[in-house]
Structures are given as structure tokens and as C-alpha cells.
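Taking it in order: structure first as C-alpha cells, then the write-up.
FYI, side chains are in, hydrogens and waters are out, and symmetry mates aren't considered; it's all heavy atoms of this structure. Reminder, nothing fancy here: chain letters follow the sequence lines and each chain counts from 1.
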Amino acid sequence: MFGLADVNSFYASCEALFRPDLRGKPIVVLSNNDGCVIARSAGAKALGIKMGVPWFQVKIQDYPEKVYVFSSNYALYHSLSQRVMSALEEMTPKVEPYSIDEMFLDLTGIDGCEDFEHFGRRLRSHVLATTGLIVGCGLGPTKTLSKSAQWASKEWKQFHGVLALTPQNPKRTETLLASQPVEEIWGVGRRIGKRLNLMGIETALQLARVNPALIRKNFSVVLERTVRELNGESCIPLEEMPPAKQQIVCSRSFGERITSKVSMQQALCQYATRAAEKLRGENQNCRHIGVFIRTSPHAQGEVFYGNSAGEKLAIPTQDTRDIIEAAMRLLDCIWLEGRRYMKAGITLDDFTPNGVNQLNLFDERQPRRNSAQLMKILDDINHSGLGNVWFAGQGINTEWKMKRDMLSPGWTTCWADIPKARVL
DNA sequence: TCTGGGGTCCTAGGACCC
DNA sequence: TCTGGGGTCCTAGGACCC
């Protein structure tokens with residue numbers, strides 16, 4: 001048996017956690033640059049504020065109630081996610097962090113000892129007691145079914161956020177799947193949902209009844225696995241140890257459009273630095289580096305321009321200097337003067353773990369001397385919380401940096417921001 | 001008239017997830 | 001004026017090998 005724990009309205013709940021005055025109020029969290037709505041509290045959903053809409057299109061002054069708006073505060077969300085994770089691990093030994101607000105649980109040991117829904121409710125109150133956050137919990141014989149159960153636990157209020165599907169109760173599984181539209185199934189998105197609809201398949205139950213071989217022929221093995229999982233055949237295992245990353249991306253929209261090459265170089269230099277830090281954090285070296293830049297696809301009266309370029313290095317690296325150098329060369333290949341750029345990013349690919357770098361026998365280029373030591377010192381200083389060092393190419397006080405006008409304090413990540421309690 | 005068989009590797013693009 | 005960021009996996013097709 002698998003479980004799926006999902007924190008209700010995660011980002012919005014995090015914002016309310018240290019602001020008791022906001023409990024039950026409409027809360028909205030915006031994407032980077034305060035661009036789109038990416039999370040809403042129950043109150044905000046009730047007002048009809050939609051997920052993913054551009055913030056400037058939302059007229060909050062028209063709502064009957066005050067809406068509390070926040071820029072996204074990933075340091076806060078990440079630290080609270082860790083707390084939820086620890087709380088879950090206290091009750092189930094095997095937990096797979098699936099996303100910042102969702103964790104899969106291995107319930108093998110619970111089988112036969114405790115009623116699954118009873119266990120789910122205990123889990124829920126334990127997480128609430130230790131973190132102040134409320135999780136929904138779906139349980140089922142496969143990951144896909146536990147996702148469906150979790151979906152239904154929100155849909156049907158009488159379950160109070162905990163629902164178990166078991167082989168002992170096939171009737172309940174059938175009823176649930178018959179009421180779940182295909183595009184709500186884990187692994188079925190809008191595209192495949194539409195195609196299935198055209199074939200007359202509209203509910204999860206209908207999909208479950210299709211011959212898997214037929215699905216494989218017309219779609220792919222991925223959807224075939226989904227069909228099998230809906231029938232209780234577990235095809236997707238729990239992964240306790242996250243597999244090594246295969247790619248690192250660092251990209252961002254700008255607070256203000258970039259028009260000068262120097263500014264673009266600064267931005268890419270910063271993203272390259274960040275990407276290289278992540279790479280070292282994974283104990284990996286990369287061999288392929290890619291850069292992309294683009295103007296806004298929404299701008300009226302402007303011709304869209306987007307381009308990317310990539311380069312394969314002679315020797316895999318994790319040295320920030322190599323990555324910045326490559327990024328600057330790549331920018332030279334794709335930079336076009338006279339455009340208003342909205343976004344840029346860098347990708348690192350083709351990894352080899354530390355310590356297995358094979359040099360080319362005839363290659364004259366040698367790796368930099370003392371690279372590892374220098375990068376370690378750099379990372380140590382920047383992680384110390386005492387100061388920062390960076391490459392001059394990043395510039396200072398850059399006008400294009402991200403807009404985060406409504407950022408909440410780092411309640412759990414910054415000493416100066418620790419909440420203060422006062423006894424009256 | 002007739003033009004093999006079996007394989008690997010790489011890339012781009014499409015789909016999905018949160 | 002203003003529209004997010006970071007990932008994964010699979011497939012098809014081309015280049016190349018013997």
C-alpha cells in the first residue's frame with residue numbers, strides 16, 4: 001500500500017502560519033516577479049480567484065473582502081516542507097519527497113495492524129501538531145490510486161481529507177474512478193485527456209477498462225503504466241533516495257526588460273554562478289552548457305525573438321569560471337541588438353560524478369589547478385551567513401533583478417526575522 | 001525483376017508533473 | 001506597463017557502425 005500526503009494550499013498556508021491574524025482570510029501567493037497567481041487559500045478560492053492568472057488582470061479592489069497578497073518566499077516554503085517531511089518520517093519509515101508539498105509513503109508495515117483510514121487520520125493530526133499545517137491523505141495499492149484517493153478526499157468533504165482505497169473494497173474504488181474525469185488522473189494532462197475524450201473515454205473507470213496493449217500502441221508505455229496502476233497493479237515504485245539529477249536549469253524573468261548586452265551578461269553570469277553552485281551541491285560535473293534568451297511572447301507590436309545555443313566542453317567541469325566563460329561565448333552567438341529581453345536562462349547537462357573524470361590522452365587542455373579548493377572556499381563563505389563573494393561579471397544593484405514587492409519575512413530561515421511572542 | 005539486417009548513439013520535440 | 005520556474009521520461013528520426 002502507498003500513501004500520498006499533500007499539504008492543503010501549501011504556499012498560502014505557509015504565509016498564514018506565523019500570521020494568526022490571516023487565518024481563514026483570502027490569501028494569494030504570486031510567482032516570481034509577482035507575475036501570476038500560483039497559490040490561493042480556501043478563502044481566495046471561494047472569491048473566485050483563479051490559478052495561474054496574471055496578477056495584473058486580477059482586480060482585487062473589486063472583491064468584497066480584503067485579499068492578502070504575497071510574493072513567493074521559497075526559503076520559507078522549503079524549510080516548512082522539511083518540517084512536514086520529518087513529521088511524516090516519524091510515523092512511516094519510508095517517505096519519498098515528490099514535490100515541495102507532496103510526499104509518497106510506503107505503508108507496507110501498516111497492513112493488517114491498523115485500519116488505513118485510522119492511520120491516515122493519526123498521520124494528519126501528527127503533522128498538524130508538529131508543524132501547524134494540514135495535510136490531505138490518499139491511500140491505495142498503487143501510487144496512481146493513492147493520488148486518485150487524495151483527489152477524492154478533497155472533492156468529497158465527508159471524508160475530512162483522508163480516504164483509503166483497498167482491494168478489500170473494490171466497490172469504493174469503482175465508484176471513485178467512475179466519478180473522476182480522465183484529465184484529473186495522475187499522468188494524464190490536457191493533451192492526452194482530449195485525445196481520450198475523442199475516443200469516448202471520459203472517466204478514470206473507463207480508462208481502467210481499456211486493454212493496456214491498445215493504449216501502448218496508440219499512446220505510450222507511460223499511459224499503459226497508468227492504466228495498469230488504476231487496476232491495482234503497481235508499476236511505479238517508491239523512491240526513497242532521489243535519483244541523481246540529469247539536468248540543472250537556472251532561469252528567470254526580469255523585473256525590467258533588458259536591452260543592453262552588459263545587463264544580459266550580468267544576468268547570465270548570476271544564473272551561471274547559481275547553476276554551478278547547485279552542480280557542486282550534487283557532486284557532479286557537467287559537460288554540456290546551454291544558454292537561452294527570449295523577448296516577451298505577449299508584447300504587442302514587437303517581433304518575438306527567442307534563441308538558444310549549446311556547447312560541449314572538452315573536459316567536464318564544476319568550476320564556476322568555466323561555466324561563466326562558456327555562457328558568455330554562447331551569448332555572443334545568439335545576442336541580437338535592439339530587442340527588449342524578458343527572460344534568460346542557463347542549463348547544465350551531461351553529468352559525470354566527482355572523481356571519475358577521464359582526461360583525453362591527447363588533449364592539451366588541462367583542468368584548472370586548485371579548482372576544487374577554490375570553489376569549496378567560495379561555497380563555504382557564501383553558506384556561512386557571514387558574507388558573500390561573487391564574480392565581478394554579475395554586477396551590483398542591477399535594475400533587472402526580480403520583483404518581489406510583497407515578500408513576507410524569513411520566519412524560519414533568518415535570525416532577524418524570528419517571530420516574537422509577547423505576553424499581555 | 002531485383003537493392004540487407006541489425007545495431008548504437010544523439011538530438012529535438014512532445015508529453016507530463018508540481 | 002504588467003503573463004513563473006524547474007524538472008522527468010519517452011519517441012521518432014537521422015547519422016553512423018559492421
Margin query: Applying a 4.0 Å non-hydrogen cut-off, can you work out what Asp34(A) is touching in the nucleic acid: base, sugar-phosphate, or nothing?
Written below: nothing

Note to self: Need one value for Ile192(A): base, sugar-phosphate or nothing, where a base atom within 4.0 Å counts as base even if backbone is also close, heavy atoms only.
What the structure shows: sugar-phosphate

Next item on the list: Could you tell me the separation between the NE2 atom of His78(A) and the P atom of dC18(B), rounded to a whole number of Å?
Entry: 18 Å

Note to self: Closest-nucleotide mapping onto DNA chain C: is Met402(A) or Phe219(A) further toward the 5' terminus? I mean the 5' end.
What the structure shows: Met402(A)

Note to self: Please compare Val249(A) and Arg216(A) by the position of their nearest nucleotide in DNA chain C and report the one closer to 5'.
What the structure shows: Val249(A)

Check: Are side-chain heavy atoms of Gln270(A) and Trp390(A) found at a separation under 4.5 Å?
Finding: no

Checklist line | Euclidean distance, atom NZ of residue Lys194(A) to atom P of dA15(B) [Å, nearest integer] | finding: 11 Å

Note to self: Can you tell me if Gln246(A) touches the phosphate of dC9(C), counting only side-chain N or O atoms and a distance under 4.0 Å to OP1 or OP2?
What the structure shows: yes

Margin query: Of the listed nucleotides (dC16(B), dC18(B), dT3(C)), which one gets closest to any side-chain atom of Pro54(A)?
Written below: dT3(C)

Next item on the list: For the pair Arg321(A) and Glu325(A), find out whether any cationic side-chain nitrogen is under 4.0 Å from an anionic carboxylate oxygen.
Entry: no

Margin query: Under 4.0 Å, heavy atoms only, any strand: does Val53(A) hit a base, just the sugar-phosphate, or nothing?
Written below: nothing

Check: Whole-Å distance between dC17(B) P and Glu229(A) CD?
Finding: 14 Å

Notebook entry, point to check: What orientation do Tyr271(A) and Phe254(A) show, parallel under 30°, tilted 30 to 60°, or perpendicular over 60°?
Noted result: parallel

Checklist line | Given dC17(B), dG4(C), dC10(C), the nucleotide with the shortest approach to the side chain of Ser220(A) | finding: dC10(C)

Next item on the list: Using whole Å, report how far CZ of Phe292(A) lies from C1' of dG13(B).
Entry: 16 Å

Margin query: Heavy atoms only, 4.0 Å cut-off, all strands: where does Leu30(A) land among base, sugar-phosphate and nothing?
Written below: nothing

Check: Counting only side-chain N and O atoms of Ser253(A), is one of them less than 4.0 Å from OP1 or OP2 of dG5(C)?
Finding: yes

Next item on the list: Could you work out which one of dT8(C), dT3(C), dG5(C) sits closest to the side chain of His298(A)?
Entry: dT3(C)

Next item on the list: Would you classify Lys403(A) as touching base, sugar-phosphate or nothing, given that sugar-phosphate means primed atoms plus P, OP1 and OP2, and contacts are heavy atoms under 4.0 Å?
Entry: nothing

Check: Any side-chain N or O of Lys217(A) under 4.0 Å from OP1/OP2 of dT11(C)?
Finding: no

Check: Who does dC18(C) pair with, Watson-Crick or G-U, both distances under 3.5 Å?
Finding: dG5(B)

Note to self: Just to be sure I understand the rule, does Trp55(A) reach a base, reach only the sugar-phosphate, or reach nothing, if contact means heavy atoms closer than 4.0 Å?
What the structure shows: nothing

Item checked: Pairing of Glu277(A) and Arg274(A) as salt bridge, 4.0 angstrom limit -> yes

Checklist line | Atom pair distance, as rounded to whole Å: CD in Glu256(A) and C1' in dT3(C) | finding: 17 Å

Next item on the list: Taking only the side-chain nitrogens and oxygens of Lys245(A), find out if one of them lies under 4.0 Å from OP1 or OP2 of dT8(C).
Entry: no

Next item on the list: Verify the ring-centre separation between Phe2(A) and Trp186(A): is it less than 6.0 angstrom?
Entry: no

Check: Taking atom types as modelled, is there a side-chain donor on Thr295(A) or Glu302(A) under 3.5 Å from an acceptor on the other?
Finding: no

Note to self: By nearest atom, which of the nucleotides dC18(B), dG7(C), dA15(B) is closest to the Lys278(A) side chain?
What the structure shows: dG7(C)

Notebook entry, point to check: Is the shortest side-chain N to carboxylate O distance from Lys147(A) to Glu184(A) below 4.0 Å?
Noted result: no

Next item on the list: May I ask you to evaluate whether Lys59(A) reaches the phosphate of dC2(C), defined as a side-chain N or O under 4.0 Å from OP1 or OP2?
Entry: no

Note to self: Can you confirm if the aromatic rings of Tyr77(A) and Tyr74(A) lie within a centre distance of less than 6.0 Å?
What the structure shows: yes

Notebook entry, point to check: Hey, does the side chain of Arg257(A) come within less than 4.0 Å of dC2(C)'s phosphate (OP1/OP2), counting only N and O?
Noted result: yes

Next item on the list: Find the distance Glu183(A):CD to dC17(B):C1' and express it as a whole number of Å.
Entry: 16 Å

Margin query: Students often get this wrong, so: under 4.0 angstrom with heavy atoms, is Leu223(A) touching a base, only sugar-phosphate, or nothing?
Written below: nothing

Notebook entry, point to check: Counting only side-chain N and O atoms of Arg225(A), is one of them less than 4.0 Å from OP1 or OP2 of dC9(C)?
Noted result: no

Next item on the list: Please determine if a side-chain N or O atom of Ser31(A) lies less than 4.0 Å away from the OP1 or OP2 oxygen of dT3(C).
Entry: no

Check: Could you give the CG-to-P distance, from Asn32(A) to dG4(C), as a whole number of Å?
Finding: 10 Å

Notebook entry, point to check: Of all the nucleotides listed (dT8(C), dC18(B), dG4(C)), which has the minimum atom distance to the side chain of Ser99(A)?
Noted result: dC18(B)

Next item on the list: Look at all strands and tell whether Lys312(A) reaches a base, only sugar-phosphate, or nothing, counting heavy atoms closer than 4.0 Å.
Entry: nothing

Margin query: Using whole Å, what does the distance between atom P of nucleotide dC17(B) and atom CG of Asp6(A) come to?
Written below: 14 Å

Margin query: Let's see if you can work this out: which of dG4(C), dG5(C), dC17(B) has an atom nearest to the side-chain heavy atoms of Cys36(A)?
Written below: dG4(C)

Item checked: Minimum-distance nucleotide to Ser251(A) side chain [options: dG5(C), dT11(C), dC17(B)] -> dG5(C)

Check: What distance, rounded to whole Å, do you find between the two P atoms, one in dC18(C) and one in dT3(B)?
Finding: 25 Å

